[in-house]
Amino acid sequence: MKDQLKEIIKQSLMQLIKKDRLPKFDIPAIEIERTKDKAHGDFACNIAMMLARTVKMNPRQIATLLVENIVQADYIAEVEIAGPGFINFTLSAGTAQQVVRDILEQGPKFGLSKHGKGKSVQVEFVSANPTGPLHVGHGRGAAYGSVVSSLLMAVGFDVHREYYVNDAGRQMDILATSVWLRYLEACGEKLIFPSNGYKGGYVLSIAKSLKDKYGRALLKETSTVYDGIPKDEPKGGDKEEHVDALIGKAKDLLGPDAYKKVFDAGLNQILGGIRRDLADFGTEYDEWFSERSLMESGMVEKAIVELKEAEMLYQQDGAWWFKSTAFGDEKDRVVVRDNGQTTYFASDIAYHLNKLKRGFDKVIDIWGSDHHGYIPRVKASLSAMKQKVDKLEVLLVQFAVLYRGSEKVAMSTRSGQFVTLRELREEVGKDAARFFYVLRSADQHMDFDLELAKSQSNDNPVYYVQYAHARVCSVFRQLSERGLAWDQGVGEKNLEYLTEDHEQALLSMLARYPEVVSSAAAAYTPHSLAHYLMDLARDFHTYYNAHQFIVEEQALSQARLTLVVATRQVIANGLLILGVSAPEAM
RNA sequence: GCGCCUGUAGCUCAGUUGGAUAGAGUGUCAGUUUCCGAAACUGAAGGUCACAGGUUCGAUUCCUGUCAGGCGCACCA
């Protein structure tokens, strides 16, 4: 509809220039927008005001000329000039009703488009280290990433959703060592747990399963384990040195095979839990990409060689540095430490290179906002390897600050103090939790009040939308109880009976849906879809309270039932994208 | 100190890429069931869009500065 109006304006402008009523100029992009106020018609165009400067004429004068030259079309009921020079279009009644037929015909496909047809996008999100279960902080990224993915699918992209598993590196060694020490305790050894170890209860249960499986086969005496280990921080030492020494000792005493058993027990149990939590949260993945596989297949080494050949690395203080400053980063970054170990950044370079080489047209990373300083160096590495950096887009999700009532909740994986995503879901439900997360724009700091989400879950806006859906279903249950039926054909033929203000409002709200989906996809803003659904639900509830759908007059009744079915369809389509269920009864 | 994000109603937040009289939920107050589900609806009150300049027909939106909050500035991940 917008495109048709644009064309009409453009034609009118060209006519005017041809007739010398306006001086010659390049026709700018014409903007048509939906009006906020019904008094301004359905669509408005601000072209007259935009042209005022170039044409050196009063905007209202330009608008008058334009309107006089507009070709009449049957779908336009009225064209008006208003305010400083807006051109307002009012659509004819029949045009607004057409959307109902479109919705019924297209069903679940209504609102989908083909803008991204033939293009592939990879979306990587959450990717939390498998050193502990997902907590409510990860929930926001999970909800945001999965809805962004769904939106991109809705506009036709071929979407590949991926979780990058950091199953290598020092943090995982700390986890493995933590598990082993807890195992020793479970076998009856007495020891002082390192202050930098993972202290969560889940480590205890992994240790217990290790003992169930291997008995005392992995046992070493505490005195042997702690022999020669530097002091921990509380005793005046350095906590990092302390834990690193314990890792080294664990590897030495156990040997590679046994150490791997401990390591894998931690990794597999935690990762398994993460996969379950995400699946239960309605977040699906197409691939779980292992960092270890990246190292074992030599891809990290290859990326480093590539950078060396491009003369983008240099050696200093025993380490290899990447010249990221050459591409605008604040400082150069280490890729190989003086002890010969590659850094996390080295893996990430290889991973991003791998992503681009897989041939995606676009690669989207969704990160927590605390990683924003990381963007320049990753982009720098891709530039250094002559990749198309523009293909990579990094979306940042701001933190959700957790509150319990008015009290802030401190969270840390290391200390084991956190509310898990699973606990949240079990208490407030998948639908409410997802909707809550996705209601706020991602670049907004968010206050997540657990008390509110838990205790007042009935006030959660998700129920408002779901209730609208259930209410339509209820109307149809009532209909059949009365021995009546919906006749789609009769309804579609009599849509002109929908003349009430509430019906007009609902019709134009329904017509907006496809635009909402495509703009939410283009701007990566799931929250705008959530807000739209609340607006649509409101229009429906208002209508419901003002008018009866099941009435004596058949033509009117069927027309209203048809409108209401269309509304239900759009709500269901929108909720599906959000990953929220659309219940028939609540 | 430098960089990124943010500042809109008592509280939590939208604001269609620069448009017309800045909106919703919640909270407060006052109402609505002989009627398809009251998890709903109607009305009222509530604002110096942090502050000060600038750009232009027009600024909550863009630019600059100030103030305030969050995050980041590792041979950690």
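Here is how names work: the chains are called A, B, and so on, in the same order as the sequence lines, proteins then strands, and each is numbered from 1. Computed over heavy atoms, backbone and side chain alike; hydrogens, waters and symmetry mates excluded. Quick caveat: nothing in here was measured; it's all calculated off a predicted structure.
- Judged by closest nucleotide on RNA chain B, A/Y464 is the one of A/Y464 and A/N339 placed further toward the 5' end.
- Among the heavy atoms of the strands lying under 4.0 Å from A/S369 are primed sugar atoms or P, OP1, OP2 only; no base atom is included.
- Among the heavy atoms of the strands, none lies under 4.0 Å from A/F476.
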Step-by-step salt bridge (charged side-chain N to carboxylate O under 4.0 Å, His left out) determination, A/D365 to A/K355: CA-CA 11 Å; A/D365 284 0; A/K355 288 187 188 194; 2.7 Å; yes
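- If you check every strand for non-hydrogen atoms under 4.0 Å, A/S441 touches sugar and phosphate atoms only.
- Residue A/H547 is in base contact, counting any heavy-atom pair closer than 4.0 Å across all strands shown.
- For an aromatic pair to be called close, the ring centres must be under 6.0 Å apart, and A/F549 with A/Y544 satisfies this.
- The ring of A/Y467 does not lie on top of the base of B/G37; it is either too far (5.5 Å or more) or too tilted (30° or more).
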Pairing annotation in dot-bracket form, given for RNA chain B with Watson-Crick or G-U pairs under 3.5 Å and | for cross-strand partners: (((((((..((((.....[...)))).(((((.......))))).....(((((..]....))))))))))))....
Worked verdict on A/Y532 versus A/Y513 for ring-ring contact (aromatic ring centres under 6.0 Å, His included): CA-CA 8 Å; A/Y532 167 82; A/Y513 179 70; 5.8 Å; yes
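- A/W321 does not carry A/K331 over the face of its six-membered ring by the limits of under 6.0 Å from the centre and within 45° of the normal.
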CA sep, side-chain torsions, deciding dist, call: A/D244, A/E241, side-chain contact (heavy atoms from CB on, under 4.5 Å): CA-CA 5 Å; A/D244 278 336; A/E241 281 176 22; 5.8 Å; no
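- Both tests do not hold together for A/R140 against A/F399: distance to the six-membered ring centre under 6.0 Å, angle to the ring axis within 45°.
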Sequence-aligned protein contact record of nucleotides 55-60 of chain B, with B where the base is within under 4.0 Å of a protein heavy atom and S where only the sugar-phosphate is: -SB---
